[in-house]
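First the structure, in the form of structure tokens, and then the observations on it.
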Number of protein chains: 2
Amino acid sequence: MDHSLSIAEENYLKAIQKLSDAQIHKISTNDIANMMNIAAPSVSDMLKKLAQKKMISYEKYYGVKLTKQGEQIAFSLIRKHRLWEVFLTQKLNFAWDEVHDIAEQLEHIKSDDLINRLEKFLGSPKYDPHGDPIPDAKGQIQVRKQIQLNELKKNEKAVIVGVKDTGAVFLQFLDSIQLSLGTKVQMKNVIEFDQSIIIKLSDNRELMLSHLVSQNIFVSPA
Amino acid sequence: MDHSLSIAEENYLKAIQKLSDAQIHKISTNDIANMMNIAAPSVSDMLKKLAQKKMISYEKYYGVKLTKQGEQIAFSLIRKHRLWEVFLTQKLNFAWDEVHDIAEQLEHIKSDDLINRLEKFLGSPKYDPHGDPIPDAKGQIQVRKQIQLNELKKNEKAVIVGVKDTGAVFLQFLDSIQLSLGTKVQMKNVIEFDQSIIIKLSDNRELMLSHLVSQNIFVSPA
DNA sequence: ATTTTATTTTAGGCAAAACTAAAATAATAT
DNA sequence: ATATTATTTTAGTTTTGCCTAAAATAAAAT
Ligand SMILES: [Mn+2]
Ligand SMILES: [Mn+2]
Ligand SMILES: [Mn+2]
Ligand SMILES: [Mn+2]
């Protein structure tokens, strides 16, 4: 009667949560299978089990949705993941492109006490190293007004507060052009041809970024 | 061909290592089964597998012994366990009786980089919160001259540097009589009747301890 | 309204890590 | 030396979490 979830089960809930964030409608079996690199039948099996455990509501053939309880657990995993990422960067000096895989392991450590003490130790950070908000102990997420860099109006000033793509390749690219969280930018121009943008930095350096790159950077009004 | 071990396999190696520490001879299937609270046939199965992976040398019916490689991994697990215990007490203010179970989980996190950075962050501690030595990155253990409290000669002075029983019950008992690592003691008397001892503390307080208790406390000459 | 295609589920299997019951082997006692 | 007891291994199951192939269902195209 141990109703704590396995690592596999936890990972499904996280994946479903992530998909819910991006989509309005119910999440399909294939969505989950693709996201997790797992065959669809394996997902079907697991959905049956998670439905039994009341973690998801599941209508055969018509997709799934997290229950309140399932969402609670998903948020607690995200909380743990992001707090550990802060620990790794702030305390152990890892770079922001190195922390995700380790946090994927650490997020499954089971101890509420641990994670609450860790949060305090870190000074109750509100955002992780990629600018993603950290849910509080009750699962509440602080939302911040942010837009994509490409949405800035001409001459508008802003600060980089997050990234959409958190993969190492993109993050290292940002490092290489010296963009990081906190960097101040000003929109100079949107190129009509391919939606590339030109931004100006505090040191007056001008930088051209592709549409795709600019879409993957979140900014807040300066 | 992923030659990294499962958590179950790692736990077997740790158990075998612990038993080797206490015994001279080969470790029996039952020894392991008892220590891990697992049925003997399950152990037999696993031993076959670990032998195949060259982690142990295994003579059917005649017990096992860790190979160099198996020992290496066992020490790296002990290293991780003890460093995490230091982190939990020093940085997150856990009590010494609360850290073991969480460290049992954390020791299985896979990242050499992580543990080496953690060690540095903690200031390369040589001992864990229970006074157990922490192996270095190469698996080398610093040995310290220590004896059991009951072995002190009359009037001899010493410092408490470790405990043999690291269970919460014993540790909380020590807390309750205000004995901890670093406490200075002087042997006053060994009671002939039952080998109880009387020790004197820095504040001149005198304390009577049973033979069993005194055997579970390690001290070094002051 | 059918047919075709895509998605999802069911069926059947496999490997890991545990279990119990039974058989094999070693250790001990007579 | 043989019989008894204890230990260990083998045999056969179970659960979890994955897989592929086949069947069922839904969605899309004609
Ligand atoms: Mn991450
Ligand atoms: Mn992140
Ligand atoms: Mn411990
Ligand atoms: Mn310890």
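All values below come from the heavy atoms of this structure, side chains included, with hydrogens, waters and symmetry mates left out. Keep in mind that what you see is a predicted model, and the values were worked out from it rather than measured. Labels below follow one simple rule: chain letters A, B, ... track the order of the sequence lines, proteins then strands, and each chain is numbered from 1.
- In this structure, B:Lys48 atom NZ and D:dT9 atom P are separated by 8 Å, rounded to whole Å.
- Taking a cutoff of 4.0 Å between a charged side-chain nitrogen and a carboxylate oxygen, B:Lys110 and B:Glu10 qualify as a salt bridge.
- Residues that satisfy the ring pair (Phe, Tyr, Trp, His ring centres under 6.0 Å) test with B:Phe87, not counting sequence neighbours, are A:Phe87, B:Trp84.
- With rounding to whole Å, A:Gln52 atom CD is found 10 Å from D:dT16 atom P.
- Here the CG atom belonging to B:Leu122 is positioned 8.0 Å from the CG atom belonging to A:Leu92, to the nearest 0.5 angstrom.
- Heavy atoms only, all atoms of each residue included: A:Leu171 and A:Trp96 are closest at CD1-O, 3.4 Å.
- If you measure from atom CG of B:Leu47 to atom C1' of D:dT7, you get 13 Å, rounded to the nearest angstrom.
- Distances shown here put a side-chain N or O of A:Ser44 below 4.0 Å from the OP1 or OP2 atom of C:dT9.
- Protein atom NZ of A:Lys26 is 15 Å distant from nucleotide atom C1' of D:dA26, rounded to whole Å.
- The shortest distance between the side-chain N/O atoms of A:Ser42 and the OP1/OP2 oxygens of D:dC19 is below 4.0 Å.
- For A:His108, there are no ring pair (Phe, Tyr, Trp, His ring centres under 6.0 Å) partners, not counting sequence neighbours.
- For the pair A:Lys91 and A:Phe121, the distance from NZ or CZ to the six-membered ring centre is under 6.0 Å and the angle to the ring normal is within 45 degrees.
- Between A:Glu9 and A:Lys14 there is no salt bridge, since no side-chain N of the basic residue sits under 4.0 Å from a carboxylate O of the acidic one.
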Next on the checklist: Could you go through A:Ser28 and A:Asn30, starting from their C-alpha distance and side-chain angles, then the distance that decides it, and tell me whether this counts as side chain to side chain donor-acceptor pair (under 3.5 Å)?
Outcome noted: CA-CA 5 Å; A:Ser28 78; A:Asn30 260 1; 5.9 Å; no
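- The stretch residues 57-65 of chain B touches DNA chain C through B:Tyr61, B:Tyr62, each having a heavy atom within less than 4.0 Å of the strand.
- Separating the CG atom of A:Leu50 from the P atom of D:dT16 is a distance of 12 Å, rounded to the nearest angstrom.
- Residues in residues 121-145 of chain B take part in these side-chain hydrogen bond (donor to acceptor under 3.5 Å, both in side chains) pairs, two or more places apart or across chains: B:Glu85-B:His130, B:Arg144-B:Gln146.
- Within residues 7-20 of chain B, no residue has any heavy atom under 4.0 Å from DNA chain D.
- Contacts between residues 28-38 of chain A and DNA chain C, defined by a heavy-atom separation under 4.0 Å, are made by A:Ser28, A:Thr29, A:Asn30.
- Between the P atom of C:dC14 and the CG atom of A:Asp45 lies a distance of 16 Å, rounded to the nearest Å.
- A:Arg79 has no carboxylate O lying under 4.0 Å from a charged side-chain N of A:Glu107, or vice versa, which leaves the two without a salt bridge.
- No salt bridge links B:Glu71 with B:Lys65; every basic N to acidic carboxylate O contact stays at or beyond 4.0 Å.
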